[in-house]
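The chains referred to below are lettered A, B, ... by the order of the sequence lines, with proteins before strands, and numbering in each begins at 1. Just so it is clear, the values below take in all heavy atoms, side chains as well, and ignore hydrogens, waters and symmetry mates.
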Amino acid sequence: MSGGSVVPELPEVETTRRGLAPYLEGATVTGVVIRNPRLRWPIPENLLQCLGGLPVISLTRRAKYLLMEFDSGMLILHLGMSGSLRILPKNTLPEKHDHFDLLLDNGKLMRLRDPRRFGAILWHAGEINTHPLLAKLGPEPLNEHFNARYLYQATRGRNVAIKQFIMDNHVVVGVGNIYASEALFSAGIAPQTRAGKLSLARCAGLVDIIRTTLRVAIEAGGSTLRDFVNVSGHPGYFQQEHQVYGRTGEPCRRCTRPIKLIKQGQRSSFYCEYCQT
DNA sequence: CTTTGCACCTGTTGGC
DNA sequence: TGCCAACAGGTGCAAA
């Protein structure tokens, strides 16, 4: 199971960034094609006036947002649930759901495909972190600021279930629904546990699991990273076999008891009621 | 401030 | 076999 219809989690976004950067950084934007501006928010109509003729200074990432820096500001891209980006030769014919192109002076173009259109392409003329979408984000999971003491402090007095808590971007970014279930299984924590009830030791374990899981996934993406020209636009590494996600009724890989499914905040949570307490 | 619920969208899946 | 409702996911935002 790789490529194709993978929901872009943080490792996929980071791998995409690494794949695109060599083609973008230093290249100058010569044109913009907007076939369908109706993403989560409309793609700005005047985008070419914002960045046309300017070189891409850098491609960075904050949470699952890709940030393309120019002298005049930055292009903010989000892949939503079904978005992918790739580099193609100029004049490559667009297919269904290819909503946006950035034309480059190196004979290539960067193309966004996003069937569900939950993604976003925005322009921000100000400093990074002054954009409303970025200003209130929590720490990166791989940053040292995301540590046991931080999570312990952040959870104090909070009544919400830990599953929903770690998916809150104000707490820590990059933990999606799949990773949340997987991380809580590995940490041995039941998803419905009130955040404020976690001990420091359990916070430490959870932080460790989240960091390790994401780091391994990013390394796996990097190790198989080839060429973003003419490929699917999805990082081509094999997805790690799930411990609990999507395994309702199947035997727990640790104790063989059936995996349970519950809804938390309208989202599916999978867990083992014996191994997670 | 905290917490809950919803909207956005379309390809895929499951039930009849 | 065919049809259609339900479902999945990320995340900003409105409402309680």
Side-chain angles (χ1 to χ4, degrees), chain A residues 1 3-17 35-43 61-67 76-85 95-100 112-122 124 129-141 151 153-183 191-198 210 214 217 232-235 239 242 244-250 259 261-270:
Chain A
M1 179 153 70
S5 55
V6 179
V7 174
E9 302 257 10
L10 187 105
E12 284 82 354
V13 176
E14 175 59 22
T15 302
T16 295
R17 186 195 68 75
R35 294 187 197 81
N36 183 356
R38 299 178 58 85
L39 301 184
R40 180 159 192 193
W41 298 280
I43 301 176
R61 179 187 60 74
R62 177 74 174 100
K64 293 177 184 172
Y65 294 95
L66 288 170
L67 309 175
I76 302 174
L77 304 98
H78 198 286
L79 298 178
M81 305 227 355
S82 60
S84 61
L85 290 166
E95 296 177 24
K96 198 178 182 186
H97 306 308
D98 287 344
H99 307 309
F100 176 85
L112 172 75
R113 175 175 298 178
D114 186 3
R116 290 176 205 178
R117 293 193 277 119
F118 280 3
I121 293 183
L122 300 168
H124 179 55
N129 291 339
T130 63
H131 192 281
L133 291 178
L134 306 178
K136 288 185 265 184
L137 291 175
E140 290 286 325
L151 185 62
Q153 297 283 10
T155 51
R156 291 313 89 183
R158 296 295 298 271
N159 222 16
V160 70
I162 187 62
K163 160 82 160 24
Q164 288 156 282
F165 188 78
I166 60 175
M167 289 178 67
D168 183 346
N169 276 344
H170 299 100
V171 174
V172 60
V173 302
V175 179
N177 197 42
I178 298 173
Y179 273 130
S181 279
E182 294 294 297
Q192 58 272 67
T193 307
R194 306 285 182 178
K197 304 259 267 189
L198 285 187
I210 290 173
L214 290 174
S232 69
H234 289 286
Q239 197 171 335
H242 292 142
V244 289
Y245 185 84
R247 299 193 61 241
T248 309
E250 294 177 37
I259 297 300
L261 164 65
I262 57 173
K263 292 286 182 182
Q264 296 182 287
Q266 296 88 235
R267 296 220 116 54
S268 297
S269 298
F270 303 86

Suppose we screen for side chain to side chain contact (heavy atoms under 4.5 Å, CB included). Which residues come up paired with Gln153(A), at least two apart in sequence or across chains?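 So Gln153(A) forms no side chain to side chain contact (heavy atoms under 4.5 Å, CB included) with any residue.
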
Got a sec, which residues hit side chain to side chain contact (heavy atoms under 4.5 Å, CB included) with Pro37(A), two or more places apart in sequence or on another chain?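 Ile34(A), Ile43(A).
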
Round to the nearest Å and state the distance from [X] atom [atom1] to [N] atom [atom2].
| X | N | atom1 | atom2 | answer |
| --- | --- | --- | --- | --- |
| Met81(A) | dC7(C) | CE | P | 15 Å |
| Gln266(A) | dG5(B) | CD | P | 6 Å |
| Tyr179(A) | dT11(C) | OH | P | 13 Å |

Test ring-ring contact (aromatic ring centres under 6.0 Å, His included) applied to His124(A) - qualifying residues, sequence neighbours left out: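 Checked His124(A) against ring-ring contact (aromatic ring centres under 6.0 Å, His included); matches are His131(A).
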
With side chain to side chain donor-acceptor pair (under 3.5 Å) as the criterion, how do Asn177(A) and Lys163(A) come out once you've worked through the C-alpha distance, each side chain's angles and the decisive distance to 0.1 Å? CA-CA 9 Å; Asn177(A) 197 42; Lys163(A) 160 82 160 24; 2.7 Å; yes

Axis deviation across the helix from dT2(B)-dA16(C) to dC16(B)-dG2(C), five-pair ends, to the nearest 10°: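 Inter-axis angle at the ends, rounded: 50°.
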
Checking all strands, does Gly176(A) fall into the base, sugar-phosphate, or nothing category for heavy-atom contacts under 4.0 angstrom?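 Answer is sugar-phosphate: Gly176(A) comes under 4.0 Å of backbone atoms only.
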
Which residues share a side chain to side chain donor-acceptor pair (under 3.5 Å) with [X], sequence neighbours left out:
| X | answer |
| --- | --- |
| Lys263(A) | Ser268(A) |
| Arg247(A) | Glu250(A) |
| Arg61(A) | Glu14(A), Glu140(A) |
| Asp98(A) | Arg113(A) |

For dA8(C), does either OP1 or OP2 sit under 4.0 Å from a side-chain N or O belonging to Lys263(A)?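 Indeed, a polar side-chain atom of Lys263(A) lies that close.
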
Salt bridge (charged side-chain N to carboxylate O under 4.0 Å, His left out) partners for Arg35(A), two or more places apart: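 With sequence neighbours excluded, Arg35(A) shows a salt bridge (charged side-chain N to carboxylate O under 4.0 Å, His left out) to Asp101(A), given in chain and number order.
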
Please confirm whether any donor atom in the side chain of Arg267(A) sits under 3.5 Å from an acceptor in the base of dG10(C), or the reverse.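 Indeed there is one.
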
Nearest-neighbour nucleotide for the [X] side chain, [options] considered:
| X | options | value |
| --- | --- | --- |
| Tyr65(A) | dG5(B), dT11(C), dT4(B) | dT11(C) |
| Glu9(A) | dG10(C), dG5(B), dC9(B) | dG10(C) |
| Asn169(A) | dG12(C), dG5(B), dG10(C) | dG12(C) |

Heteroatom pairs (N/O) under 3.5 angstrom, protein to nucleotides 13-16 of chain C:
none

Table of protein N/O atoms under 3.5 Å from nucleotides 10-14 of chain B N/O atoms:
| from | atom 1 | to | atom 2 | distance (Å) |
| --- | --- | --- | --- | --- |
| dT10(B) | OP1 | Arg117(A) | NH2 | 2.7 |
| dT10(B) | O2 | Arg116(A) | NE | 3.4 |
| dG11(B) | OP1 | His97(A) | NE2 | 2.7 |

Please enumerate all protein N or O atoms sitting under 3.5 Å from an N or O of nucleotides 1-3 of chain B, with distances to 0.1 Å.
| from | atom 1 | to | atom 2 | distance (Å) |
| --- | --- | --- | --- | --- |
| dT3(B) | OP1 | Asn159(A) | N | 2.6 |
| dT3(B) | OP1 | Val160(A) | N | 3.4 |
| dT3(B) | OP2 | Arg158(A) | NE | 2.4 |
| dT3(B) | OP2 | Arg158(A) | NH2 | 2.8 |

Please tell me which of Arg38(A) and Ala161(A) maps to the more 5' nucleotide of DNA chain B, matching each residue to the nucleotide holding its nearest heavy atom.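 The residue mapped nearer the 5' terminus is Ala161(A).
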
